[in-house]
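So the structure is just underneath, and the comments pick up after that.
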Amino acid sequence: MSIQIGDYVLKSQVLLAPMAGTSDKPFRTLCREQGAALTTSEMVIIQKHLLNTSKSKHRLDFSGEPAPISIQIAGSEADELAESARQALTYIIDINMGCPAKKVCNKAAGSALMQDEDLVKDILTSVVNAVDIPVTLKMRTGWNVSNKNAPIIAKIAQDAGIQMLSVHGRTREDKYKGEAEYETIKQVIDQVNIPVIANGDITSGKKAQQVLQYTGANGVMIGRATQGNPWIIHQINHYLKTGKKAPNIPLNDKKQTILKHIKQIHQFYGENLGTQLARKHIFWYATHLDKKNGQTFWKKVNKIKDHAHQYQLLEEFLQQL
Ligand SMILES: Cc1cc2nc3c(=O)[nH]c(=O)nc-3n(C[C@H](O)[C@H](O)[C@H](O)COP(=O)(O)O)c2cc1C
C-alpha cells in the first residue's frame with residue numbers, strides 16, 4: 001500500500017518521527033539512507049524575532065536533503081501558523097499537535113490545541129489555504145482518557161484539506177507513560193480516506209506489522225527506537241517487505257555509520273556546539289552496542305570539550321568492540 005502526499009509517492013511505509021533535539025539534519029540524512037520514506041524536521045517556531053537565532057538557522061537548513069522534505073511548525077494561533085507555513089515553504093508542512101510540551105512561547109500549543117476543536121479547524125484551514133504545498137498533521141489520541149477526540153479531529157482535518165495524519169497512540173495527559181494503544185488509531189482510520197500513519201512504541205518489524213494489520217494504517221512512524229539504532233528503519237522495512245527478520249548488520253558497517261554521523265554533527269553545528277550535541281548520540285550508540293562498557297565509556301567522553309578528542313575516543317571505543 002503506497003502512501004501518497006500530494007504529488008509525492010513515498011518509497012516505503014516507514015517514517016521517522018519528528019523529535020526536537022534528535023531529528024536534525026544529520027540524523028534525518030542518516031535515517032533517509034536507512035530507508036526512511038519521509039523524515040520530518042524538529043518543530044520550528046517561525047517568528048521574526050526567532051528567525052536569526054542559531055537554533056532556527058540550523059532547524060531551517062534543508063540544503064542537499066532529498067525530496068520530499070517535511071518541516072514541522074508549531075504555534076498557537078491560526079494567523080501565526082499560516083504565516084509560518086508561508087515562510088517555511090519547502091515540500092510538505094507538518095503541523096504539531098502531538099507534542100506534550102505545556103507551552104510553546106507561553107501559549108497553549110502542540111497537543112494542547114486538541115482541546116479546542118474550533119481552533120483546530122481554524123488553524124488547519126488557515127494553514128492549508130496559506131500554501132499550495134501539502135499540509136499534514138501530527139496529533140495524539142486526545143487530551144486525556146475521557147477525551148480521545150482524535151477521530152473527530154481527523155474528520156475536521158480531512159475536511160480542511162490536510163493530506164496525511166500521523167497519530168501517536170497516547171493522550172496528551174499520558175505524556176510518555178504506559179503503553180501506546182492502537183484502538184483509537186483504528187477509529188481515526190475509519191473516519192477518513194487520507195493516509196494515516198500509526199506511531200508509538202513501535203520497536204521491531206514484527207510490532208510494525210501487527211500495528212499495520214490491527215489498525216489498517218498506511219505506514220508506521222518510528223521515534224525513540226531510532227535513537228542509537230537508526231538501522232531499525234532498514235530492519236522494519238525489510239520485515240514489512242519480506243515477512244522475515246533482516247540479516248544482522250555487520251558491526252563494521254555500524255561503526256562506519258556512527259563515525260560518519262558524528263563527523264556530520266561536528267561539521268553542521270561547528271566544533272563547540274557540535275561536540276555538545278554529539279554527546280547524546282554517542283551515549284545512545286555506545287549503550288546500544290555495549291550496554292555495560294558503553295555507560296563507563298560515556299562518563300569519560302561526556303566531559304570532553306574538544307571535537308577531535310571526542311571523535312578520537314569514540315573511534316578507540318568502537319575499535320575495541
Ligand atoms: C526527544 C523527543 C522529542 C520530540 N519532539 C517532537 C516534536 O518536536 N514534534 C512532535 O510532533 N513530536 C515530538 N515528539 C514525539 C515523537 O514524534 C513521537 O510521537 C513519540 O516519541 C512516540 O513515538 P515513539 O514511541 O516511536 O518514540 C518527540 C519525542 C521525543 C522522544
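In each ligand, atom 1 is the first atom listed, and ligand 1 is the first ligand listed. Just so you know, residue 1 is the first one in the sequence shown, and it goes up from there.
- Here the shortest heavy-atom distance to atom 24 (P) of ligand 1, taken over Q72, Q227, R224, H168, belongs to R224.
- The nearest heavy-atom contact from the protein to atom 5 (N) of ligand 1 is A20 N, 2.9 Å.
- Among protein heavy atoms, atom 28 (C) of ligand 1 sits closest to Y176 OH, 3.4 Å.
- Salt bridge present: R170 and D201 bring a charged side-chain N and a carboxylate O closer than 4.0 Å.
- Not one N or O of E42 is nearer than 3.5 Å to an N or O of ligand 1, by distance alone.
- The protein heavy-atom contact nearest to atom 12 (N) of ligand 1 is K138 NZ, 3.1 Å.
- M221 pairs with exactly one of I197, V167, I202 by the side-chain contact (heavy atoms from CB on, under 4.5 Å) rule, that one being I197.
- Both the backbone and the side chain of D201 come within 4.0 Å of ligand 1, counting heavy atoms alone.
- Taking the six-membered ring where the residue is Trp, the centroids of Y214 and Y182 are separated by 6.0 Å or more.
- Ligand 1 is approached by G200 to a heavy-atom distance shorter than 4.0 Å.
- Taking any N or O of N199, backbone or side chain, at least one lies under 3.5 Å from an N or O belonging to ligand 1.
- Between the side chain of N149 and the main chain of M114, a donor-acceptor pair closer than 3.5 Å is present.
- H234 and H238 have tilted rings, their planes meeting at an angle from 30° to 60° on a 0 to 90° scale.
- Proximity annotation for atom 14 (N) of ligand 1: of A180, P18, A17, G223, P18 comes nearest, heavy atoms only.
- Remark: R140 qualifies as a cation-pi partner of Y176 under the 6.0 Å distance and 45° angle criteria applied to the six-membered ring.
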Going through the distances and angles, do I71 and T40 end up as a side chain to side chain contact (heavy atoms under 4.5 Å, CB included)? CA-CA 6 Å; I71 173 165; T40 302; over 6 Å; no
